[in-house]
Participant: 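Below: one structure in structure tokens.
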Amino acid sequence: MAHTAMSGNGTTDGDDPLQTAVWRLRSRACWADAAALLRPVTASASLQRASLLVERCLYTEQGWEEAEDALRTAEALAHSDDERGAAACERGQLAYAATLHGVRDRADEARAALGRAAALIPPGAAGRALLDFRRGLLAENLARSPQSARAAYRRAHAGATAHADPLLLSFTWRHLAGLALREGELAEARHGFAESLRIREELGYLVGTAPALASLADAESEPEASRLREEATRLFRLLGGVPTWLAHQLTPPTPDAATA
């Protein structure tokens, strides 16, 4: 999530030094260290801190209690509709991550929280694009509804473009490309995956570069596919096996599995 309340999100020259430090740690999978730089005494800081710890849960499958505590603080400090909507959006994302990773089935909680966020964050607002993207994740991975997911991702893509949020664009490109790949639209998939990778490399979003490389590899032919997958594996190991869910994608199939 891009936070703009403190002079930029740390990804460009001239941004707030604190945000730059937070971004550098976040992009290298050091979410706890990034969160430690933020004092949760304001709604903005507490929301950003919660979002970092929620993201750590999604990428590492660890730190659930810390994320819950940070989220409760953010919810307590939220007073405006935008702040309450952002907190609800993070609540939905945490519940989604717990469900996705099999920690506990919180799908109903995720839907309810994102529904609250939708009632609080008006269309066209800066936070709406992230909300639309997360509703797409639920549609794709929990409801198994690719059509609904595509519509949500497209809304998120348009919103991220309008609000100049390149990191979110890297996610919408990647997930739209994933849907295209499933439908056999290889050219569209390659383009989307390549755009996602380009943006992440430009931003220095190291923790997201390995997944982008692996996704592009799935749409490429040999020997390019193997080269991309090897680079993804190198980065994955460099970051200590994060994101955890990428391990399966990078593991080559066994001879038995390949013929199954």
Participant: For this output row, return yes or no: ring centroids of H175 and F133 closer than 6.0 angstrom.
Facilitator: yes
Participant: Using the side-chain hydrogen bond (donor to acceptor under 3.5 Å, both in side chains) criterion, which residues pair with R104? Sequence neighbours excluded.
Facilitator: none
Participant: Under a 4.0 Å N-O cut-off, is there an ion pair linking E68 with R106?
Facilitator: yes
Participant: Does V103 sit in a hydrophobic cluster with other residues, and if so which ones, taking ILVMFWY side chains as linked at heavy-atom separations under 4.5 Å, directly or through other members?
Facilitator: V54, W64, L71, L94
Participant: Between R198 and E202, is there a side-chain N and carboxylate O pair less than 4.0 Å apart?
Facilitator: yes
Participant: Would you say the side-chain atoms of W245 pair up with the backbone N or O of T60, donor to acceptor, closer than 3.5 Å?
Facilitator: no
Participant: R84: what forms a salt bridge (charged side-chain N to carboxylate O under 4.0 Å, His left out) with it, not counting sequence neighbours?
Facilitator: D81
Participant: Salt bridge (charged side-chain N to carboxylate O under 4.0 Å, His left out) with D105: which residues, sequence neighbours excluded?
Facilitator: none
Participant: Looking at E222, I'd like to know if its CD atom is crowded, meaning that more than 12 non-hydrogen atoms belonging to other residues, nucleotides or ligands lie closer than 6.0 Å.
Facilitator: yes
Participant: Is the W31 ring parallel, tilted or perpendicular to the Y59 ring (thresholds 30°, 60°)?
Facilitator: tilted
Participant: Output the distance between atom OG (S148) and atom CG (L138), rounded to the nearest 0.5 Å.
Facilitator: 11.0 Å
Participant: Apply the test side-chain contact (heavy atoms from CB on, under 4.5 Å) to residues R28 and Y205: give CA-CA distance (whole Å), side-chain angles for both, the deciding distance (0.1 Å), then the verdict.
Facilitator: CA-CA 7 Å; R28 289 160 176 76; Y205 188 51; over 6 Å; no
Participant: Is the closest basic N to carboxylate O distance between E66 and R56 below 4.0 Å?
Facilitator: yes
Participant: Tell me, do T20 and D16 make a side-chain contact under 4.5 Å, heavy atoms counted?
Facilitator: no
Participant: Between Q19 and Q48, is the side chain to side chain donor-acceptor pair (under 3.5 Å) condition met? List the steps.
Facilitator: CA-CA 10 Å; Q19 290 301 307; Q48 186 176 8; 2.9 Å; yes
Participant: What's the separation between atom CZ in R182 and atom CG in D218, rounded to the nearest 0.5 Å?
Facilitator: 11.0 Å
Participant: Output all residues satisfying salt bridge (charged side-chain N to carboxylate O under 4.0 Å, His left out) with E224, sequence neighbours left out; order by chain, then residue number.
Facilitator: R227
Participant: So, R49 and E90, do they make that salt bridge, N to O below 4.0 Å?
Facilitator: no
Participant: Sequence neighbours excluded, which residues qualify as side-chain contact (heavy atoms from CB on, under 4.5 Å) partners of A129?
Facilitator: L168
Participant: Quick one: list whatever passes side-chain hydrogen bond (donor to acceptor under 3.5 Å, both in side chains) with E183, sequence neighbours left out.
Facilitator: R150
Participant: Run the side-chain contact (heavy atoms from CB on, under 4.5 Å) test against A34 and tell me which residues pass, sequence neighbours left out.
Facilitator: V22, L25, L52
Participant: Please name all residues satisfying side-chain hydrogen bond (donor to acceptor under 3.5 Å, both in side chains) with N141, sequence neighbours left out, ordered by chain then number.
Facilitator: Y96
Participant: Rounded to the nearest 0.5 Å, what's the gap from CZ on R154 to CG on L176? Could you check?
Facilitator: 6.5 Å
Participant: Taking 4.0 angstrom as the limit, do E195 and R190 come out as a salt bridge?
Facilitator: no
Participant: Does D33 have any salt bridge (charged side-chain N to carboxylate O under 4.0 Å, His left out) partners at least two apart in sequence or in another chain, and if so, which?
Facilitator: none
Participant: For R111, which residues count as a side-chain hydrogen bond (donor to acceptor under 3.5 Å, both in side chains) partner, sequence neighbours excluded?
Facilitator: D108
Participant: Who are the side-chain contact (heavy atoms from CB on, under 4.5 Å) partners of D69, not counting sequence neighbours?
Facilitator: R72
Participant: Kindly say whether S170 contributes a backbone atom to a donor-acceptor pair with the side chain of S196 at under 3.5 angstrom?
Facilitator: yes
